[in-house]
Amino acid sequence: MKPYYLTTAIDYSNGDPHLGHALEKVGADAIARWHRLRGEPVRFLMGMDEHAQKVLQAAEQAGVAPQVWVDRLSERFDSTWKRLHCSHDDWIQTTEPRHAKGVAALIERIRERHPDAFYDGEYEGLYCIGCEEFKSGSQVVEMRCIEHPSRELVPTKEQNTFFRLSAWRDAVLAAIQAGQFRVEPAIRRNEVLRVLEDGLLDISVSRSRLPWGVPFPGTADQTVYVWFEALMNYLSATGFPDAGWDEIWPADLHVVGKGITRFHCAIWPAILMAAGLPLPRMVWAHGYVQWGGAKVSKSEGNAVSLDLAIDRHGPDALRWFLLRDVGFENDGDFTFERFDAVYDSDLANGIGNLASRSLAMIEKYRAGVVPGLLGQESLDVAGESAVHAYKAAMAAIDLKVAAQQIVNLVTEANGYITTSAPWGLAKAGDDARLDAVLAALAHCLVRLAVMASPFMPEKSQALWAALGQGGTPEAAWAMAAEPRLAGVKVAKPENLFPKPPTP
RNA sequence: GGCUGGGUAGUUCAGAUGGUUAGAACGCCACACUCAUAAUGUGGAAGUCGCGGGUUCGAGUCCCGCCCCAGCUACCA
């Protein structure tokens, strides 16, 4: 069975991982975990983009060889994502031999099928002597490079290879319109459609001055231009062109930042079409994390320390906050003030306290053994509908709404406890009612553990274990659909989400 | 400039096809409860729905104009 293959963007090896990167990884991870929860095989790729000029400069500044530099950063990013409980099962660096091999094979495959897909042309751009590279866009202010404002940019021509992007415009446009190649959310799709409707120009895809890169097949001194090559990581990670790659490809989902949608939604599908390969099924472009309303980025120099944010309340809490409050669709804001508020309300006072009080009552009134099911309580009905709504939201990659279902169910459960007042039933000796209430609470907790697992794997695992369940909540969707806990021995865990002492 | 979105309670946001007193969460105030991480529940205060016109019996929801914010605008991952 072909796995659900999803990827995140590969990150530039020229700085530390920050909150913006984290949102993407954690969001993709929640989606990966959701598919595993449904029992699907999943393949989940992350990695590093290492062939940029900036990377060389960063290595030089650090005084180490480029490969040493990128390996160091690769380790740093990978371990950060693992610390955030990301469950990727492949990690690609674009300096790996398998990537160079995949890129070369893909370009050759395009040449075989469409000999005129590539042609020699002249690229003309503004060249900065200081940076030793071409500059454009926001790097150019008043005809000068922002890094070297004392020097004039020199209009320079160089001979290199062009990709006939324009030839695939109609086909890419049609694929998006037909829904065969989905671009989500809609705001991003509209942008891409507009770009395509305006037409595409051919693009230069090689550089002659950069030895740090993948050699362009059939040329003596050219390397593949970095972002053209970077896109191909999704394919080279499947093992392409070696046997077995087509058991993984096409990708089901590319998760990317909104800033790079055009590359993924116009150029990447054109490359694949030229090669006669199937298109990815979906590109999801998330919004950006802002810091107190301002852009967070390495270039702005205000990147919040990711380690600091993780240390605040632990990795699961940060995952929860990013996906539930910052959001995976629109831009969102990160402040410690809000992070603390959401932690207290959703996690400590919400799920954590609900688990605590429910399990404490099962222990106190029934020696920790979940009573048998006596009938359907109102809380069971609420649980079923929460699971239903959650499922629909996850399938639509609406992580915020999915998380909302968890919060809603917690609220339902707290209200149910107040209404049914188990302590009163115990005092009155109404054992039948008390059994029903305690069973319903246990079922509710199981549902919560399962639903929370894509968001907070570690904490939901702890809750799962407290409910006397073996293994992990992964692939345990059946328990959410129909909890079976009669006779199971539960144990109240330590506080799932301890509250820091208030000063 | 062009194109997309958006401007709704202190804050973050919901509000298909126009229709009773505009909703939720967090925060705030009061009360209740005691199983629980001083947690939870109930009630309450809180909004000229960006501005100005228009259509309509009736508009946050449609039309026109304007203001403000964000994004995209091709080789910036």
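Chain A is the first sequence line, chain B the second, and so forth, proteins listed ahead of strands; every chain is numbered from 1.
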Scan nucleotides 29-42 of chain B nucleotide by nucleotide, 5' to 3', and note B when protein non-hydrogen atoms come under 4.0 Å of the base, S if they reach only the sugar-phosphate, - if neither.
----SSBBB-SSS-
Does B/C75 have OP1 or OP2 under 4.0 Å away from a side-chain N or O of A/Tyr225?
no
If the cut-off is 4.0 Å, is A/Arg262 near the phosphate of B/U73, judged by side-chain N/O to OP1 or OP2?
yes
NA contact type, [X], heavy-atom cut-off 4.0 Å: base, sugar-phosphate, or nothing?
X	answer
A/Gly257	nothing
A/Leu200	base
A/Leu231	base

[atom1] spacing across the pair [N] / [M], given as an integer number of angstrom:
N	M	atom1	value
B/G43	B/G6	C1'	35 Å
B/C62	B/U4	P	16 Å
B/C3	B/A74	P	16 Å
B/G19	B/G60	P	10 Å
B/G47	B/A30	C1'	22 Å
B/C67	B/A22	C1'	24 Å

Between the side chains of [X] and [Y], is a donor N or O closer than 3.5 angstrom to an acceptor N or O?
X	Y	result
A/Asp49	A/Gln93	no
A/Asn160	A/Tyr225	no
A/His254	A/Trp268	yes
A/Glu229	A/His99	yes

RNA chain B: A/Gly199 or A/Asp49, which has the more 5' nearest nucleotide?
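With A/Gly199 and A/Asp49 compared, the 5'-side residue is A/Gly199.
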The answer to which of A/Asp325 and A/Asp202 contacts RNA chain B further toward the 5' end, by nearest nucleotide, is A/Asp325
Between atom [atom1] in [X] and atom [atom2] in [N], what is the gap in whole Å?
X	N	atom1	atom2	value
A/Ile260	B/C72	CD1	C1'	14 Å
A/Tyr343	B/U12	OH	C1'	21 Å
A/His286	B/A77	NE2	P	15 Å
A/Ile267	B/U73	CD1	C1'	14 Å
A/His21	B/A77	NE2	C1'	9 Å
A/Asp398	B/C13	CG	C1'	13 Å
A/Arg188	B/U73	CZ	C1'	13 Å
A/Phe228	B/C76	CZ	P	14 Å

Side-chain ion pair, A/Asp325 and A/Lys400, N-O less than 4.0 Å:
no
Using purine N1 to pyrimidine N3 plus N6-O4 or O6-N4 for Watson-Crick, or N1-O2 and O6-N3 for G-U wobble, both under 3.5 Å, which nucleotide pairs with [N]?
N	value
B/C66	B/G50
B/A24	B/U12
B/C76	none

Contacts satisfying side chain to side chain donor-acceptor pair (under 3.5 Å) that involve residues 355-365 of chain A (not counting sequence neighbours) are A/Ser356-A/Lys492, A/Arg357-A/Asn414
Check: A/Leu441 and A/Met361 side chains under 4.5 Å, non-hydrogen atoms:
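A/Met361 vs A/Leu441: side chains touch.
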Pair A/Arg182-A/Arg189, side-chain contact (heavy atoms from CB on, under 4.5 Å): steps then yes or no
CA-CA 8 Å; A/Arg182 292 178 59 192; A/Arg189 178 170 60 246; over 6 Å; no
